[in-house]
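All of these numbers come straight from a predicted model, not from anything done at the bench. Atoms within a ligand are numbered from 1 in the order they appear, just like the ligands themselves.
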Amino acid sequence: MTEVTTEERTELIGLTQDEIREFMVAMGEKPYRARQLYEAIYRRRTTGYDSMTDLPKTLRRLLAERAIVTNTQVHNVFLSSDGTRRFLLRLGDGSEVESVFMPEERRDTICISSQVGCPLACSFCMTGVIGLKRNMTAGEIVSQVVVVLNQVYGQGAGVPHRTNIVMMGMGEPLLNYDQVLKSVRLLADQQGLGIAPRYVTLSTAGIVPRIYDLAREEIRPRLAISLTAPDDELRNRLFPINRRYPVAELIEACRSYPLAERERLTFEYVMLDGVNDSDREARKLVRLLNGIRAKVNLIPHNPAPELPYASSPIGRITAFQQILTEGGLPSFIRRPRGQDISAACGQLAARHQATAQGSGS
Ligand code: SAH
């Protein structure tokens with residue numbers, strides 16, 4: 001059990017190189033010490049001062065009095081039979097969020113949260129059921145990557161291959177725009193974690209004005225749109241936010257979104273049995289995305305007892321895909337990961353049990 005205490009020391013994770021320098025200079029230290037501290041935190045993923053042996057002992061003692069590297073603690077880890085690990089993390093104020101680690105042969109993917117809970121209340125997603133508690137800070141967002149990599153590979157240890165980041169955990173990242181973008185820049189820094197923005201994908205339910213803002217950013221992640229319905233009638237029922245930003249406006253923002261060479265916009269389409277999975281919707285989707293350099297991820301719905309949906313059967317998903325293929329729209333059927341530990345898309349609700357049934361079976 002971790003204790004919840006009110007932490008008054010500065011949290012260092014989340015500070016930029018400049019901010020760390022200011023912090024160190026304010027303590028009367030030389031700027032090169034700031035560089036050492038920065039690299040200890042982000043490049044070597046050191047979370048305690050004892051291992052920062054390139055810093056003098058007196059400085060480490062002083063730092064320990066005034067600052068903590070991160071308040072994020074691993075509260076529990078659930079391991080799936082497919083190798084996926086769900087991390088239940090506790091933040092400095094006792095809030096709980098989740099991150100999911102998905103190993104693959106040539107890369108790992110870490111799915112991270114951007115808010116504690118989520119305000120959007122999409123009818124097919126568990127996170128919406130718990131509502132929004134608060135936004136996460138850039139430091140808290142980045143800390144998930146540091147803490148998860150440390151748990152998996154050991155503190156400071158090199159990682160064997162590429163790390164992809166998907167901002168598809170709890171929360172709507174574009175409703176926490178500034179902190180999310182700051183975290184993307186921190187992840188990208190070559191002096192630090194060095195995870196390039198092209199390996200970071202941000203998924204949004206469609207906060208249209210922020211998509212235009214994102215288009216103007218110099219350093220920006222790849223973009224994925226949780227579409228899941230090809231028209232307003234259906235999308236209004238699944239995504240309350242669609243009433244504010246309807247499909248036509250969302251697609252217009254996507255059309256004007258600048259793409260790098262060979263980059264595609266990803267559209268996520270959660271397959272809901274008997275709801276959005278007919279041939280008719282597939283044809284509508286093809287027409288809707290016509291002219292956009294797009295790919296579609298078909299995601300079998302991950303169930304939870306609280307959610308009134310079931311996944312489309314695999315035969316229906318492949319029939320749906322066939323129509324997209326004939327329409328010239330590339331698509332992929334996603335394999336659900338970590339379903340047995342409530343770690344799959346839309347199942348993140350800071351559960352303390354391995355499964356939604358709560359029996360831990
Ligand atoms: N708020 C953001 C990111 C979180 S959701 C967004 O909406 O995109 C991440 C992805 O999980 C989205 O594509 C969403 O449509 C999908 N998702 C949500 N609930 C799901 C469920 N129960 N089963 C499968 N996918 C789900």
[X] and ligand 1 - part of the residue with a heavy-atom distance under 4.0 Å:
X: Pro336; answer: neither
X: Asn302; answer: both
X: Thr204; answer: backbone

To check your reading of the model: name the closest protein heavy atom to [atom], its residue, and the distance in Å.
atom: atom 5 (S) of ligand 1; value: Met168 O, 4.0 Å
atom: atom 25 (N) of ligand 1; value: Cys345 CB, 3.2 Å
atom: atom 2 (C) of ligand 1; value: Ser203 O, 3.2 Å
atom: atom 14 (C) of ligand 1; value: Ser226 OG, 3.7 Å
atom: atom 19 (N) of ligand 1; value: Gly346 CA, 3.0 Å

So which of Glu96, Met167, Gln144, Met168 actually passes side-chain contact (heavy atoms from CB on, under 4.5 Å) with Ser113?
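With Ser113 as partner, side-chain contact (heavy atoms from CB on, under 4.5 Å) holds for just one option, Gln144.
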
Applying side-chain contact (heavy atoms from CB on, under 4.5 Å) between Thr228 and each of Leu285, Ile299, Val270, report the one that passes.
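Checked Leu285, Ile299, Val270 against Thr228; only one passes side-chain contact (heavy atoms from CB on, under 4.5 Å): Val270.
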
[X]/[Y] ion pair, N-O < 4.0 Å:
X: Arg316; Y: Asp279; answer: yes
X: Glu104; Y: Arg107; answer: yes
X: Arg210; Y: Glu172; answer: no

Taking only heavy atoms of [X] into account, list the atoms of ligand 1 that are under 4.0 Å away from them.
X: Pro300; value: 24 (C)
X: Glu268; value: 10 (C), 12 (C), 13 (O)
X: Gly171; value: 1 (N), 2 (C), 3 (C), 4 (C)
X: Ala205; value: 6 (C), 7 (O), 8 (O)
X: Cys125; value: 18 (C), 19 (N)
X: Phe124; value: 15 (O), 17 (N), 18 (C), 19 (N), 20 (C), 21 (C), 22 (N)
X: Ile299; value: 24 (C), 25 (N)
X: Gly169; value: 4 (C)

Is the distance between the ring centroids of Phe239 and Phe124 under 6.0 Å?
yes

Can Ala224 be said to touch ligand 1, with heavy atoms closer than 4.0 Å?
no

CG-CG distance between Asp108 and Leu149, expressed to the nearest 0.5 angstrom
7.5 Å

Do you see a donor-acceptor pair shorter than 3.5 Å between the side chains of Glu281 and Ser278?
yes

Give me each pair satisfying salt bridge (Lys or Arg N to Asp or Glu O under 4.0 Å) with a member in residues 132-157, each pair once, sequence neighbours excluded.
Asp93-Arg134, Arg134-Glu140

Taking the six-membered ring for Trp, are Tyr309 and His301 parallel (under 30°), tilted (30 to 60°) or perpendicular (over 60°)?
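If you compare the ring of Tyr309 with that of His301, the planes turn out perpendicular.
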
Is Arg60 positioned over the aromatic face of Tyr49, cation under 6.0 angstrom from the ring centre and no more than 45 degrees off axis?
no

